[in-house]
There are 2 protein chains.
Amino acid sequence: MSLPNALLALLVVEPMTGYDLHKHFEASVGHVWHAPDSQIYPTLKRMEAEGLLEGEDIPWGPRGKKRQYHVTPAGREAFKTWMNTPLEYARTRDPAHLKAAYLEWAEPDAAREHLLAHIEHHSSMLAQWQQTMKEIEDGTSGMLARRLAHTPKKDQEKTRAFKRFTYEGLIAQAEAEIAWAQRGLRLVDKLNG
Amino acid sequence: MSLPNALLALLVVEPMTGYDLHKHFEASVGHVWHAPDSQIYPTLKRMEAEGLLEGEDIPWGPRGKKRQYHVTPAGREAFKTWMNTPLEYARTRDPAHLKAAYLEWAEPDAAREHLLAHIEHHSSMLAQWQQTMKEIEDGTSGMLARRLAHTPKKDQEKTRAFKRFTYEGLIAQAEAEIAWAQRGLRLVDKLNG
DNA sequence: TGCCAATAACTATATACATAGTTAGTCTGT
DNA sequence: ACAGACTAACTATGTATATAGTTATTGGCA
């Protein structure tokens with residue numbers, strides 16, 4: 001259910017091809033909801049069949065063409081409805097904490113490696129999100145800048161504020177994971193003298 | 001890849017039927033890796049076919065029987081190998097932060113509802129985990145108690161320490177989510193002030 | 001004796017997702 | 001004139017998950 005809405009979130013800003021979406025995804029919504037192009041293309045077709053989108057073939061070079069999608073009024077309504085509908089929380093599936101719960105089965109060195117990898121992973125997430133946060137602040141963020149250009153002045157601050165809020169949350173998550181893994185490293189050291 | 005190992009984590013303690021596993025799952029590993037019984041039964045069969053488990057039919061009442069699985073040496077090795085293998089981090093898919101990123105599309109009341117639901121969800125997670133933490137401390141945690149009874153004294157503290165560590169992490173996650181959503185509530189109030 | 005909750009073990013179906021490969025046209029530089 | 005990178009849009013396959021049943025037995029209580 002999330003992917004169609006993540007696509008709508010981008011397409012309400014401006015019409016795009018599947019390829020465009022795939023590209024912009026990586027640098028914006030994809031931070032919170034990853035999707036490969038092999039999932040995007042069929043989803044766009046389905047959304048067109050459902051009347052949420054309309055696609056038209058536009059020329060590309062002398063012989064080529066590409067299919068550009070734009071949101072229909074029904075699509076815009078569906079997106080708003082989704083935004084006003086409470087979220088269903090999925091049951092936890094957290095491989096890192098799963099392994100952590102049985103870490104006494106790992107060799108001490110492997111345990112350290114796990115925790116270091118956890119720190120490294122979330123550090124790189126953190127760096128990415130801090131970078132995005134900076135781009136939000138100074139308006140160099142690709143999709144957001146495009147978005148704000150289509151937004152009435154009085155709503156711009158709102159839009160920007162919720163983006164900032166989102167990335168603040170992601171940053172807090174990453175920091176919590178890093179702190180936890182560091183505590184884990186100290187624990188492994190203590191347990192192995 | 002996680003489910004078979006989550007099952008092994010329980011089965012290395014003592015042989016169990018699919019039904020037993022399903023039950024114990026809910027109260028232990030299921031906290032970090034949920035699985036419905038409809039996934040557990042076929043997975044057990046597959047693991048038996050792969051030689052990780054062996055099952056035997058044991059009588060249950062006058063006419064009934066049930067299939068009890070125990071871990072083979074190969075299964076024990078596979079579990080250890082998994083515990084020593086680095087984790088592959090999956091790309092983010094976080095519906096709550098996805099919605100948060102576009103919260104300006106929601107009615108102010110719906111936005112508040114989202115954030116309140118987020119707080120409520122993670123508060124109940126928090127309560128559950130604090131409860132489990134208490135059970136870890138005083139030895140009333142079902143699977144852990146069973147586990148410790150089969151563990152040499154010198155390793156018991158290690159086992160208990162990693163469980164504590166895991167739930168500390170989950171508690172920190174929940175607290176971070178709650179704090180984030182509360183910041184969100186203040187933001188919504190300010191923007192619609 | 002009959003009812004009911006719990007135990008036990010599935011089956012069936014529809015998505016969702018990961019991973020990998022395919023086909024074809026365009027644009028840029030040498 | 002051609003190579004190579006990029007744009008564009010898929011297809012194919014296998015596994016994972018969610019959701020919702022089904023069938024049968026047991027053990028305890030009224």
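This one's a predicted model, so the numbers in the text were calculated from it and none came from an experiment.
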Between Phe165(B) and Trp180(A), how do the two ring planes meet: parallel, tilted or perpendicular, split at 30° and 60°?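 Plane angle under 30°, so parallel.
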Going by atom type alone, with no hydrogens or angles, which donor-acceptor pairs under 3.5 Å involve a side-chain atom of residues 70-77 of chain B and a protein atom two or more places apart or on another chain?
unit_1   : atom_1 : unit_2   : atom_2 : d
Thr72(B) : OG1    : Gly51(B) : O      : 2.6
Thr72(B) : OG1    : Leu52(B) : O      : 3.1
Thr72(B) : OG1    : Ala74(B) : N      : 3.4
Thr72(B) : OG1    : Gly75(B) : N      : 3.1

Cluster companions of Trp60(A) among Ile, Leu, Val, Met, Phe, Trp, Tyr (side-chain spacing under 4.5 Å):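 Members alongside Trp60(A): none; it stands by itself.
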Which Ile, Leu, Val, Met, Phe, Trp or Tyr residues join Tyr41(B) in one cluster when any pair of side-chain heavy atoms under 4.5 Å counts as a link?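 Hydrophobic cluster check, Tyr41(B): joined to Tyr19(B).
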Sequence neighbours excluded, which residues qualify as side-chain contact (heavy atoms from CB on, under 4.5 Å) partners of [X]?
{"X": "Pro108(B)", "result": "Arg112(B), Asn192(B)"}
{"X": "His121(A)", "result": "Met125(A), Tyr89(B)"}
{"X": "Glu120(A)", "result": "none"}
{"X": "Ala161(B)", "result": "Leu187(A), Leu191(A), Glu157(B), Arg164(B)"}

Contact list please: residues 88-102 of chain B against DNA chain C, heavy atoms, distance less than 4.0 Å, in numerical order.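 The stretch gives Arg93(B) as the residues lying under 4.0 Å from the strand, ordered by number.
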If you take any heavy atom closer than 4.0 Å to DNA chain D, which residues from residues 32-47 of chain A end up in contact?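 Within residues 32-47 of chain A, the residues near DNA chain D are Asp37(A), Ser38(A), Tyr41(A), Lys45(A).
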For Leu3(A) and Arg67(B), find the nucleotide of DNA chain C closest to each by heavy atoms; which residue's nucleotide sits nearer the 5' end?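 Comparing both residues, the 5'-ward one is Arg67(B).
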Between Met1(A) and Gln68(B), who's closer to the 5' end of DNA chain C by nearest nucleotide?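 The residue mapped nearer the 5' terminus is Gln68(B).
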May I ask you to establish whether Lys45(A) and Tyr69(A) are in a cation-pi arrangement, using a distance under 6.0 Å from NZ or CZ to the six-membered ring centre and at most 45° from the ring axis?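 Judged by the rule, Lys45(A) and Tyr69(A) form no cation-pi pair.
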List for me each residue that meets salt bridge (Lys or Arg N to Asp or Glu O under 4.0 Å) alongside Asp37(A), sequence neighbours excluded, and say none if there are none.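 For Asp37(A) there are no salt bridge (Lys or Arg N to Asp or Glu O under 4.0 Å) partners, ignoring immediate neighbours.
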Write down the distance between CG (Leu21(A)) and P (dA9(D)), rounded to a whole number of angstrom.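 In whole Å, dA9(D) P lies 10 Å from Leu21(A) CG.
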Distances under 3.5 Å between nitrogen or oxygen atoms of protein and nucleotides 23-26 of chain D:
unit_1  : atom_1 : unit_2   : atom_2 : d
dT25(D) : O3'    : Gly64(B) : N      : 3.4
dT26(D) : OP1    : Pro62(B) : N      : 3.4
dT26(D) : OP1    : Arg63(B) : N      : 2.6
dT26(D) : OP1    : Gly64(B) : N      : 2.7
dT26(D) : OP2    : Arg63(B) : NH2    : 3.0

Under 6.0 Å between ring centres, would you say that holds for His114(B) and His118(B)?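 No.
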Name of the residue among Glu54(A), Glu48(A), Glu56(A) meeting salt bridge (Lys or Arg N to Asp or Glu O under 4.0 Å) with Arg67(A):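 Running salt bridge (Lys or Arg N to Asp or Glu O under 4.0 Å) over Glu54(A), Glu48(A), Glu56(A) with Arg67(A) returns exactly one hit, Glu48(A).
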Do you see a donor-acceptor pair shorter than 3.5 Å between the side chains of Tyr167(A) and His97(B)?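 No donor-acceptor contact under 3.5 Å links the two side chains.
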If you walk 5' to 3' along DNA chain C, what is the first nucleotide with an atom under 4.0 Å of a heavy atom in chain B, and what is the last?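 Boundary nucleotides touching chain B, in 5' to 3' order, are dT7(C) to dA18(C).
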